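This one's a predicted model, so the numbers in the text were calculated from it and none came from an experiment.
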Amino acid sequence: LEKNTQDSGSADGNVLRENIEKIRSEMQNNNEEIKKINIKISGNTNVLQNLKKENEKCAEIEQKYLCIKSLSDTANGTLADREKITFEAFVQATFFDRVLRRANIRLRSMTSGMFELCRSLTSDNKRSKAGLNLDITDYYNGTVRSVKTLSGGESFMASLSLALGLSDEIQSNAGGVEIETMFVDEGFGSLDSETLEKAYNTLISVTEGKGLVGIISHVEALKSKIDKQIIVEKNSEGRSSVRMKLD
């Protein structure tokens, strides 16, 4: 042992004790740090578990949101690359189709079966609203085109048919409500004699019951057919007078 330790020199007990105290102090500090780290780990573990639960809830909510948003986009007509028809327009279209069925009875009569109104199922482009636009079926050439392509006289007949169709539908579904009076303002001047006669006969058919039709017109061929008239005349002084013709 002396031989093995002869080159080791003597140890200073004070230095050893100081080193021991230093090591103990470091160990104590390390233990305190370990406790702090363990507390943080425990807290973070709880936070992580809560985050996982919240993430699962968010995933469920997101699925519900996607479903609801799809329904919302459908109802509001905002689906990408789809026809822009809102839920309101969809409901209105159901009523509109009934009006068109009644209107076409009148229009076919006035046009000798040439035209029939139909609701356009597509819009001009994917960005505009669809659902209540009108097309016209032309049975003479077998085409379906926009009502914008109708001439002035044809447009007048289509408008008159829609007004009569709306009146018929309201009276049929409004629980006893009757529309007894209708005023038609101009438009007859754009009709040829044959079409004018058909339009006149259509209006006369409305009066066969209790209906009363008032026509505002400057067309002589039409005025000659009306026995009860309110005539407004303008004199040279720029004043107007009204007289009745009840022949």
- [ ] Using a strict cut-off of less than 4.0 Å between a Lys/Arg side-chain nitrogen and an Asp/Glu carboxylate oxygen, indicate whether Glu194 and Lys198 qualify as a salt bridge.
- [x]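 Result for this pair is yes, salt bridge flagged.
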
Open item on the list: Please enumerate all residues that pass salt bridge (Lys or Arg N to Asp or Glu O under 4.0 Å) together with Glu88, with sequence neighbours excluded.
Closed with: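 In terms of salt bridge (Lys or Arg N to Asp or Glu O under 4.0 Å), with neighbours along the sequence ignored, Glu88 is linked to no residue.
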
Task: Qualifying residues under salt bridge (Lys or Arg N to Asp or Glu O under 4.0 Å), relative to Arg243, sequence neighbours excluded - done: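 Expected list: Glu233.
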
Task: Stepwise side chain to side chain donor-acceptor pair (under 3.5 Å) check, Ser167 with Gln171 - done: CA-CA 6 Å; Ser167 173; Gln171 292 182 88; 3.1 Å; yes

- [ ] Run the numbers on Leu48 and Asn44 for side chain to side chain contact (heavy atoms under 4.5 Å, CB included), then give the verdict.
- [x] CA-CA 6 Å; Leu48 179 60; Asn44 289 340; over 6 Å; no

If you compare all heavy atoms of [X] against all heavy atoms of [Y], which two are closest, and at what distance to 0.1 Å?
X	Y	answer
Met110	Ser161	CE-OG, 2.9 Å
Ile215	Leu203	CD1-CD1, 3.7 Å
Arg119	Leu100	N-CD1, 3.7 Å

[X]: which other cluster members, linking ILVMFWY side chains closer than 4.5 Å, directly or transitively?
X	result
Val144	none
Ile37	Ile41
Leu51	Val47

Calculate, to the nearest 0.5 Å, the distance between atoms [atom1] and [atom2] belonging to [X] and [Y] respectively.
X	Y	atom1	atom2	value
Arg101	Leu117	CZ	CG	13.5 Å
Ile216	Leu222	CD1	CG	12.0 Å
Phe183	Leu212	CZ	CG	6.5 Å
Leu66	Ile61	CG	CD1	12.0 Å
Ile204	Tyr200	CD1	OH	3.5 Å
Met157	Thr111	CE	OG1	6.0 Å

Open item on the list: With side chain to side chain contact (heavy atoms under 4.5 Å, CB included) as the criterion, how do Phe156 and Val184 come out once you've worked through the C-alpha distance, each side chain's angles and the decisive distance to 0.1 Å?
Closed with: CA-CA 10 Å; Phe156 171 76; Val184 183; 4.0 Å; yes

- [ ] Decide yes or no on side chain to side chain contact (heavy atoms under 4.5 Å, CB included) for Thr45 and Gln49, but give the supporting numbers first.
- [x] CA-CA 6 Å; Thr45 300; Gln49 291 176 349; 3.9 Å; yes

Open item on the list: If you count heavy atoms of other groups shown closer than 6.0 angstrom to CZ of Phe95, is the number above 12?
Closed with: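 Yes.
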
Open item on the list: So for atom CD, which belongs to Glu26, do other residues, nucleotides or ligands contribute more than 12 heavy atoms lying within a distance under 6.0 Å?
Closed with: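 Correct, the count exceeds 12.
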
Open item on the list: Within the 3.5 Å criterion, strictly below it, is a donor on Ser172 or Arg98 matched to an acceptor on the partner's side chain?
Closed with: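 No, no side-chain donor-acceptor contact under 3.5 Å.
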
Open item on the list: Consider side-chain hydrogen bond (donor to acceptor under 3.5 Å, both in side chains). Of Thr137, Asp135, Asp138, which one does Arg145 pass it with?
Closed with: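 By the side-chain hydrogen bond (donor to acceptor under 3.5 Å, both in side chains) criterion, Arg145 pairs with just one of Thr137, Asp135, Asp138: Asp138.
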
Can you find a pair of side-chain heavy atoms, one from [X] and one from [Y], that are under 4.5 Å apart?
X	Y	result
Leu162	Leu134	yes
Ile34	Asn31	yes
Ser109	Ile105	no
Ile23	Met27	yes

TODO: Would you mind listing every side-chain hydrogen bond (donor to acceptor under 3.5 Å, both in side chains) that reaches into residues 54-71, with sequence neighbours excluded?
DONE: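 Residue pairs with at least one partner in residues 54-71: Lys69-Asp73.
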
Task: Main-chain N/O of Lys148 paired to Ser146 side chain as donor or acceptor, under 3.5 Å - done: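 Checked: pair present.
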
Task: Single hit among Arg106, Arg102, Glu169 for side-chain contact (heavy atoms from CB on, under 4.5 Å) with Leu164 - done: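 The passing option is Arg106.
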
TODO: With side chain to side chain contact (heavy atoms under 4.5 Å, CB included) as the test, would you mind laying out the steps for Ile136 and Leu107 before giving the verdict?
DONE: CA-CA 11 Å; Ile136 193 80; Leu107 185 59; 4.0 Å; yes

